[in-house]
There are 2 protein chains.
Amino acid sequence: MATIRDVARAAGVSIATVSRVFNDHTLVNPETASRVLEIATKLDYWPNGAAQSLTTRRTQTLGVMLPELFGEFYSEVIRGIDRQSRAHDYQILLSSSHSNGEEVLIAGRAMLGRIDGLIMMAPDEASIETVERVRRRVPVVLLNPRIEVEGCCSVAFENFSGARAAVTHLIGLGHRDIAIITGPPGNVDAEERLRGFRRALADAGMDPDAAAVIPGDFRESAGYEAGVALLARKPRPTAVFAANDGMAVGLLAALAAAGKRVPRDIAVVGFDDIAMAAYLNPPLTTVSVDACGLGHRAVDLMMGAIESGPTGGSLRQQLPAVLVVRQSCGSATAGTGLLEQTAGSSGGTVRRGRK
Amino acid sequence: MATIRDVARAAGVSIATVSRVFNDHTLVNPETASRVLEIATKLDYWPNGAAQSLTTRRTQTLGVMLPELFGEFYSEVIRGIDRQSRAHDYQILLSSSHSNGEEVLIAGRAMLGRIDGLIMMAPDEASIETVERVRRRVPVVLLNPRIEVEGCCSVAFENFSGARAAVTHLIGLGHRDIAIITGPPGNVDAEERLRGFRRALADAGMDPDAAAVIPGDFRESAGYEAGVALLARKPRPTAVFAANDGMAVGLLAALAAAGKRVPRDIAVVGFDDIAMAAYLNPPLTTVSVDACGLGHRAVDLMMGAIESGPTGGSLRQQLPAVLVVRQSCGSATAGTGLLEQTAGSSGGTVRRGRK
DNA sequence: TTGTATGCGTTATCAT
DNA sequence: ATGATAACGCATACAA
């Protein structure tokens with residue numbers, strides 16, 4: 001393939017001139033420029049990106065590392081990153097499905113020299129060291145970080161207050177025996193949601209330790225199994241908070257299979273507000289988070305970090321988690337207010353209906 | 001940051017030796033190697049990817065270009081590509097949301113030098129020229145191509161036979177007035193599905209030109225609007241084939257809003273079998289395609305193309321589109337067989353139930 | 001306005 | 001087993 005040298009030779013100029021034409025740096029003689037352009041077109045010359053980034057130290061690429069690419073949630077995050085990156089003329093170097101620190105390290109090394117910044121969601125604590133090492137080279141933006149890393153910006157959802165609002169709503173509806181299906185152990189989101197669940201109970205004067213905590217892993221199948229386990233329980237909880245919608249879907253299926261009616265027999269609330277939540281039977285009450293917006297925001301932070309260089313501060317941003325009341329949680333029972341504002345320092349809000 | 005030179009200096013060896021240690025090329029003296037490794041660790045040396053790929057002409061990266069990143073379908077494709085790429089130790093350079101040939105060209109140029117191959121789904125015919133130009137540089141694998149490009153491998157779904165099977169099924173159920181909600185004009189999948197729709201009607205001795213063809217664009221909102229338009233029609237069709245599930249979802253919502261019962265009043269069939277299809281009310285009969293598998297297969301083809309070099313043949317592969325019968329299409333009416341095999345050279349198959 | 005020359009951080013081909 | 005040194009393709013400081 002034609003290189004800058006080929007074009008220079010064919011046009012009878014130096015490579016510096018060709019380079020200038022393509023980067024319209026210094027003013028180049030219009031005639032010369034058009035001649036070079038013509039030759040370049042004829043030779044179908046495309047500058048080599050690797051060579052460019054080697055000299056300019058710029059790649060116009062953002063690295064993205066995610067723990068896994070399963071479930072709608074991560075797809076949405078990627079979409080958000082993708083869109084906003086394009087708006088800034090950046091491409092995305094994707095490397096997901098990392099389950100441990102070792103893989104993260106390898107992927108990080110492979111990205112070095114090919115990216116101007118890294119947006120990552122660390123699967124576990126072990127990846128923190130990798131983050132530190134990457135951070136010495138390019139800006140890093142953390143997604144829902146377990147631990148804040150000095151010098152890294154981060155964006156996170158208000159998992160805690162979102163979960164708290166959801167459970168508080170159930171309590172407001174009159175429920176006193178509420179179970180939770182948790183996410184995978186070690187997952188930050190899962191832990192925060194569990195914490196919100198417990199806090200809501202405690203706030204209402206109930207004993208968090210008395211509540212049924214059924215282990216899950218964010219997958220639909222776990223929700224189904226949890227449903228089976230739940231039905232065998234005596235006394236059977238009157239409401240269930242699933243730590244994500246995927247498990248809520250499985251739970252709903254298990255309940256339906258057992259002939260239970262939702263919300264009459266059991267109330268169900270999820271978390272994430274995935275696309276199908278509004279279309280489930282019954283429509284799922286859940287906590288809505290804007291996964292796409294998370295990616296969008298991460299890119300914005302990254303752009304700032306790239307601009308300001310290594311001295312850039314470490315902004316922390318929180319994105320709201322809003323309770324969306326649909327039908328799976330049932331309506332207010334007599335004597336209980338339905339519209340009370342959910343408590344929470346971050347001011348939880350409540351939305352109703354399909355969207 | 002430390003470069004290979006820094007390591008060499010600190011270890012008292014030449015850069016060639018350091019390079020050898022990291023690529024375990026020729027045998028290096030174990031002592032020297034361990035010393036170099038030690039120094040490299042201390043200096044936190046990471047090879048620069050851009051420099052590596054400049055000399056080796058290898059990037060361990062696959063370019064991925066998609067027309068848009070909206071809807072579950074594309075997310076699934078990306079997931080498939082991502083997974084299989086990782087299995088081959090490749091990363092992904094993503095650039096989506098391209099709506100026209102100009103954008104595709106720009107994105108293609110930006111990728112040059114950073115990728116070993118390109119997997120792309122061209123939004124329109126104008127992108128073909130870009131494909132040709134990219135192809136002279138790196139192998140290209142096309143996803144659902146409108147036109148086969150000489151020297152490019154491709155993977156496509158059996159859109160035609162899938163749609164045909166779906167509509168044939170409706171006809172077998174006794175329907176004689178079947179409408180279609182089409183995808184966006186110019187979209188290959190959309191056109192093939194329309195073609196399958198028409199063929200099914202023709203095969204049954206019906207007049208394709210007499211059928212109601214309602215324009216859509218694959219979005220949920222288009223399905224909703226189509227539903228409204230459909231209900232105003234007299235006589236009202238007894239069945240509708242939505243060219244994708246997203247529109248079927250909107251259609252279902254419109255019908256429910258109008259108090260119509262599915263499938264009693266109107267039968268509905270979709271295409272894609274997205275995750276929520278099985279959970280809709282009623283569960284959606286649709287044509288299932290394995291979007292994730294498409295990506296997976298594309299990577300496999302790419303690996304072959306990269307191996308075999310520029311002389312690699314141009315394999316074309318077809319992935320099945322299987323009718324999944326759920327409840328939105330209703331059951332057989334008297335006198336009509338329900339289990340008949342769908343016609344089609346590619347041997348359409350029928351599946352039942354939730355999965 | 002244009003050309004020369006150097007460097008970016010590697011790998012790889014020679015020697016030694 | 002190891003060391004010079006020449007690419008790789010481009011951008012850019014400096015000279016002309």
Side-chain angles (χ1 to χ4, degrees), chain A residues 1-37 39-40 43-61 108-116 136-138, chain B residues 1-40 43-61 109-116 136-138:
Chain A
M1 273 294 94
T3 72
I4 196 172
R5 243 178 282 274
D6 298 322
V7 177
R9 195 174 313 139
V13 297
S14 73
I15 61 170
T17 299
V18 178
S19 177
R20 285 190 196 103
V21 170
F22 273 81
N23 300 298
D24 49 24
H25 244 0
T26 329
L27 285 318
V28 180
N29 185 318
E31 288 178 27
T32 319
S34 70
R35 183 157 42 96
V36 168
L37 240 27
I39 299 279
L43 262 45
D44 198 25
Y45 166 67
W46 285 10
N48 181 298
Q52 283 181 315
S53 53
L54 189 57
T55 55
T56 62
R57 300 174 163 295
R58 275 293 212 133
T59 62
Q60 292 298 316
T61 303
R109 292 174 76 125
M111 284 185 167
L112 185 67
R114 309 180 191 281
I115 58 175
D116 293 336
R136 298 178 53 189
R137 299 164 162 94
V138 293
Chain B
M1 272 296 92
T3 72
I4 196 172
R5 242 177 282 274
D6 299 321
V7 177
R9 196 172 317 139
V13 297
S14 73
I15 59 170
T17 300
V18 178
S19 178
R20 283 190 197 101
V21 170
F22 273 80
N23 300 294
D24 49 23
H25 245 0
T26 330
L27 283 320
V28 180
N29 186 319
E31 288 178 26
T32 317
S34 71
R35 181 158 42 98
V36 167
L37 240 25
E38 190 184 341
I39 299 278
L43 263 43
D44 199 24
Y45 165 68
W46 284 9
N48 182 298
Q52 284 180 316
S53 53
L54 188 58
T55 53
T56 61
R57 301 174 163 295
R58 275 297 211 126
T59 62
Q60 292 297 319
T61 302
R109 291 175 77 124
M111 283 184 168
L112 187 67
R114 308 178 191 281
I115 59 174
D116 293 337
R136 297 179 52 189
R137 297 164 163 95
V138 294

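Worth knowing before you read on, the calculation uses all heavy atoms, side chains too, and leaves out hydrogens, waters and symmetry mates. Each chain gets a letter, A, B and so on, in the order its sequence line appears, and its residues count up from 1. Just so you know, these numbers come straight off a predicted model, no measurement behind them.
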Review point. Atom CG in B:N48, atom CE in B:M1: separation rounded to 0.5 Å?
Key: 12.5 Å
Review point. When you measure from the side chain of A:T17 to the backbone N and O of A:V13, does any donor-acceptor pair fall under 3.5 Å?
Key: no
Tell me whether the side-chain N/O atoms of [X] come closer than 4.0 Å to OP1 or OP2 in [N].
X: B:N48; N: C:dC8; value: no
X: B:Q52; N: C:dT11; value: yes
X: B:T17; N: D:dT2; value: no
X: B:T32; N: D:dT2; value: yes

Revision key, fill the gap. Here the pair of heavy atoms bringing A:R109 nearest to B:Y45 is NH2-O, 3.7 Å
Study note, to complete from the structure: Correct closest heavy-atom pair for A:T61 and A:R114 would be CB-O, 3.4 Å
For [X] and [N], what is the distance between atoms [atom1] and [atom2] respectively, to the nearest whole Å?
X: A:L112; N: C:dG9; atom1: CG; atom2: P; result: 11 Å
X: A:Y45; N: D:dG9; atom1: OH; atom2: C1'; result: 7 Å
X: B:W46; N: C:dT10; atom1: CH2; atom2: P; result: 13 Å
X: A:I4; N: D:dA11; atom1: CD1; atom2: C1'; result: 8 Å
X: B:R20; N: D:dG3; atom1: CZ; atom2: C1'; result: 8 Å

Check your understanding: Mapping A:A16 and B:R5 onto DNA chain D by nearest heavy atom, which one lands closer to the 5' end?
Key -> B:R5
Review point. Of B:A33 and B:T55, whose closest DNA chain D nucleotide lies nearer the 5' terminus?
Key: B:A33
Check your understanding: Any side-chain heavy-atom pair from A:I4 and A:V7 closer than 4.5 angstrom?
Key -> no
**Study point:** Sugar-phosphate only, base, or nothing, as touched by A:V18 at under 4.0 Å among non-hydrogen atoms
**Key:** nothing
Practice item. Using a heavy-atom cut-off of under 4.0 Å over every strand shown, decide if A:S53 touches base, sugar-phosphate, or nothing. Key: nothing
Study note, to complete from the structure: Comparing nearest nucleotides in DNA chain C, the 5'-proximal residue of the pair A:I15, B:L54 is A:I15
Point to revise | Check: A:R57 side chain, C:dG9 base, donor-acceptor under 3.5 Å | key: no
Check your understanding: Which one, C:dT10, D:dA11, C:dG3, comes nearest to the side chain of A:S14?
Key -> C:dG3
